Amino acid sequence: MPSGDSEQHISSTLAELQPSQDSASLLKRLAGPSSGKAGLTKDQTDINRIIADASKGSKFYENEKRKDKDLTEKIAKILKERDEVTRAADLQKVEHNVDRLISELESGRDLSQVIVHVDMDAFFANVELLHNPELRGKPFGVGKGVLTTASYEARKFGVRSGMAGFIAKKLCPELILLPIHHTRYSEMSDRVMAVFTRYDPNMCPAGCDEGYLNITDYCVEHNIGPEECVQEMRRAVHEETDLTVSAGIAPNLMLAKICSDKNKPNGQFYLPFESKAIIEFMQDLSIRKIPGIGRVTERLLESIGVQTCGDIFTQRGAISLLDKYFGLRHLLQTYLGIASNIVKPHLREERKSIGAERTFNPLKDRDEILKKLEEVAVELEHDMNEGGWTGRTVTLKYKLDTYQVFTRAKSFDRCLTKKDELFAAGKELLLPELPLNLRLIGLRLTKLKDLRASADPETGIKRFFDTTDGSADSPRKRTRLNQDVLRLNEDDTDTLDCPSPQGGNSVGHTDTHEGGHEGLVSPTVKGHSRSRPPVSAPGLSSTIGIQGIRLTEKPKSTGSAHTQHSSKSELLEHVETPTTCSPGARTEQVCPVCGKSMKVDNQGLNAHIDFCLSRGAIRQAQAEGENGEPAKQSTGSKTKPKSTSNSEGWRWFMKDPGDTNGTKSKR
DNA sequence: GCGGATCAC
DNA sequence: TATGGTGATCCGC
């Protein structure tokens, strides 16, 4: 019945909210976030149907249906506004103005940097394959309740990451499900990243299996072409790790990312560094391929006739008139294929929050709920200790058994560090809400304070952690050194966060976007016997904003990209890398911590700094930061029963799906 | 500053 | 037979 999705975007007025359309969008929604990102061989319509049937009637399904309905209503509202505004406007004139903006944007295009996005192919799955060759050729997934990865054989059946295990089984009864082995992936990730780093010491890891590189300097210094360079790098990865990697080569981050998907797996794609070729490349590209545009934004754009990036130009008049919802400027940049070309690793001091959350079988009992809250507090305390963080604002998150999510926050005058403080704050926020049926509880800390930044300057550590001084060192040197320290923080602790210190968020293109807003819900008309989940009154006249997706250059400064980057090569020199720095070039280097001089390559220097700092200095810094508390508990003595499996550290994705805790044990 | 929502990995 | 966890950002208030 659902006649494919090709039809669903043709709608234009709210009068045509027929079941067929609702159904189509719902099916798509149920198919999950990554359904549109990768190509599948099996007919997606069949797959979506199977998924929907398997979900039917569940609370999860009902929640998705509700969100779908809300979105449909918002779209109707926007379309109505569009029609009104369009009637009152001189479209020709509007388009003319837009065209001038396009010219302006085009004139600022920077094609001078060679950016590469590298992306490991089915990372978890392929690592598992190395440990168990028997799996080759078979459909399998990694993850218990929810899959983190699916082998390519499994993908043919429509199995994807993020999919519930039992749904995946329906799509592919033969599917083999493997447990997650964090250490394996962590170790492999380190090895892979080490290779990338040889080509750009300033690379930006984006998760455990991805990264952005600027290979402009490398290519010049080695007198090698971009394609050849990437070929070589990918070969090196394969030789050293037995894993394959795909890559995209383009003038900016967004394009590179899109390109890395073009010849996946085990391939690369080079986009010519010419305006015309780039615009042509964008023309038929689905809007969904743009980083930052997810399912919701995709639907919003489709509703105004924008499915491909080329459609942005066609619909520029309407987009301009609806600027506040869609963000004209950013969409035009997307249409032109213009975005940021600045690659830099995430710095520790840029971190904004740290949190923990847990899902469990729905609980109503007050004491049992509080027990969960306490467990989460313990978890968070542990991670904060490990990372050297404390903070002033606590945000409680809870999800009802209906899958509706709420947050409650409170700021304090002082920083919270201890589990008891976190627990108390959480209780304060939760108890007033209480008679609830919960399936998830989480705590998050913001307004962070970096305990490792407040170490005694005498130790020489502060200099490398604290970049706010601004005067002592040159910015470049600072950046560079911080990067090293960053790696240390991960390697040193045995629980570390994900390889990219900042966490999961996308990339170096700071600033993903999205301002969708949604009235949310209001399942009950206000008043209905004091509906439990407090409200969401703003539901009424709400608007949907799409905005910023800024994968683009920073606000002003035409030449910012240039300036910024040119400083990068200076950076290298500044850090005692006198001669050309080929990946393995060993030169005389000085450890910034102990002052020792040695002949090593950059990697070797990093390793030494890691070693040097981890032995004591860090511990001392941390101890001093912790309110006089000695740097106790080197290894999780008591906390957390599962610290064994967790000591592998590194949870970039699921921490370790429930079960260990009393998820099941509780009646 | 708070709460909702979207997105990426 | 039971749909994850961490972090970021944006918008409206």
Side-chain angles (χ1 to χ4, degrees), chain A residues 30 32-34 37 51 54-55 58-61 63-64 67 70-71 119 123 143-149 161-170 180 206-210 257 291-297 300 324-325 327 346 350-362 379 383 393 395-397 399 401 403-411 439-440 442 444 446-447 497-498 500-507 509-521 534-539 541-550 651-658 663-664:
Chain A
L30 287 166
S34 48
K37 294 280 190 189
I51 295 173
S55 302
S58 67
K59 289 183 171 170
F60 178 84
Y61 174 87
N63 189 54
E64 293 299 302
K67 289 196 289 190
D70 288 350
L71 184 54
D119 194 340
F123 186 53
K144 293 188 127 192
V146 172
L147 304 189
T148 63
T149 317
S161 66
M163 181 177 279
F166 74 97
I167 301 275
K169 279 276 195 183
K170 280 219 161 57
I180 301 174
C208 59
D209 66 339
E210 283 184 36
K257 166 120 178 107
I293 294 187
R295 285 178 296 168
V296 173
T297 311
L300 291 175
K324 62 176 169 178
Y325 298 128
H346 290 114
E350 287 169 348
R351 183 161 185 165
K352 300 288 191 300
S353 74
I354 181 171
E357 63 188 61
R358 180 145 306 190
T359 294
F360 40 80
N361 289 333
E379 180 107 4
D383 291 350
T393 301
T395 302
L396 167 78
K397 171 180 174 181
K399 192 191 287 184
D401 63 330
Y403 288 89
Q404 289 166 276
V405 176
F406 300 89
T407 60
R408 295 291 177 266
K410 179 171 165 63
S411 295
R439 67 169 355 257
L440 173 146
R444 180 160 296 273
T446 52
K447 292 290 204 61
D497 288 342
C498 80
S500 61
Q502 83 304 336
N505 189 24
S506 23
V507 232
H509 47 227
T510 4
D511 208 358
T512 314
H513 87 314
E514 211 65 309
H517 144 276
E518 263 301 75
L520 171 41
V521 123
V535 173
S536 71
S541 66
S542 56
T543 54
I544 301 179
I546 299 184
Q547 227 241 52
I549 308 180
R550 206 161 46 187
R651 28 129 233 258
W652 56 80
F653 219 62
M654 311 179 135
K655 195 143 197 180
D656 223 349
T663 300
K664 200 70 186 202

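Being a predicted model, the structure only gives us computed values, none of them experimental. Letters go in sequence order (proteins before strands), and every chain restarts at 1.
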Validation row: Ile51(A), Met163(A) side chains within 4.5 angstrom (heavy atoms): yes

Separation of Leu440(A) atom CG from dT3(C) atom C1', in whole Å? 12 Å

Nearest-nucleotide check on DNA chain C, Glu350(A) vs Ala54(A); residue mapping nearer the 5' end is Ala54(A)

Please tell me if Thr407(A) has a side-chain N or O lying less than 4.0 Å from either OP1 or OP2 of dG4(B). yes

Would Val405(A) and Lys397(A) count as a side chain to side chain contact (heavy atoms under 4.5 Å, CB included) here? Give the steps. CA-CA 7 Å; Val405(A) 176; Lys397(A) 171 180 174 181; 3.8 Å; yes

Base, sugar-phosphate or nothing for Lys410(A)? Non-hydrogen atoms, less than 4.0 Å. sugar-phosphate

How long is the line joining CZ of Arg408(A) and P of dG3(B), in whole Å? 6 Å

Between dT3(C) and dA8(B), how far apart are the two P atoms, rounded to whole Å? 24 Å

Between atom CZ in Phe406(A) and atom C1' in dC2(B), what is the gap in whole Å? 15 Å

Out of dG7(C), dT3(C), dC9(B), which nucleotide sits closest to the side chain of Glu210(A)? dC9(B)

If only side-chain N and O atoms of Tyr61(A) are considered, is one of them under 4.0 Å from the OP1 or OP2 phosphate oxygen of dT3(C)? no

Length of the line joining Asp70(A):CG and dT6(B):P, which is rounded to integer Å: 9 Å

Rounded distance in Å - CZ (Phe360(A)) to P (dG4(C)): 12 Å

Quick one: is dT6(C) close enough that its OP1 or OP2 comes under 4.0 Å of any side-chain N or O from Arg351(A)? no

Could you tell me the separation between the CD atom of Glu357(A) and the CZ atom of Arg444(A), rounded to the nearest 0.5 Å? 7.0 Å

Judged by each residue's nearest nucleotide on DNA chain C, which is more toward the 5′ side, Lys352(A) or Phe60(A)? Phe60(A)

Is there a side-chain polar atom (N or O) of Ser411(A) under 4.0 Å from OP1 or OP2 of dC2(B)? yes

Look at the side-chain N and O atoms of Ser55(A) and state whether any lies under 4.0 Å from the OP1 or OP2 oxygen of dT3(C). no

OP1, OP2 of dC9(B) versus side-chain N and O of Lys257(A): anything below 4.0 Å? yes

Listed nucleotide nearest any side-chain atom of Ser353(A), set dT3(C), dG7(C), dC2(B): dG7(C)

Would you say Thr359(A) places a side-chain N or O within less than 4.0 Å of OP1 or OP2 belonging to dG5(C)? yes

Under 4.0 angstrom between Lys447(A) side-chain N/O and dG1(B) OP1 or OP2: yes

Distance (rounded to the nearest 0.5 Å) between Asp119(A) CG and Lys257(A) NZ: 5.5 Å

Arg444(A) side chain N/O closer than 4.0 Å to the phosphate oxygens (OP1, OP2) of dG7(C)? yes

How long is the span from the NZ atom in Lys59(A) to the CD atom in Gln404(A), to the nearest 0.5 Å? 11.0 Å

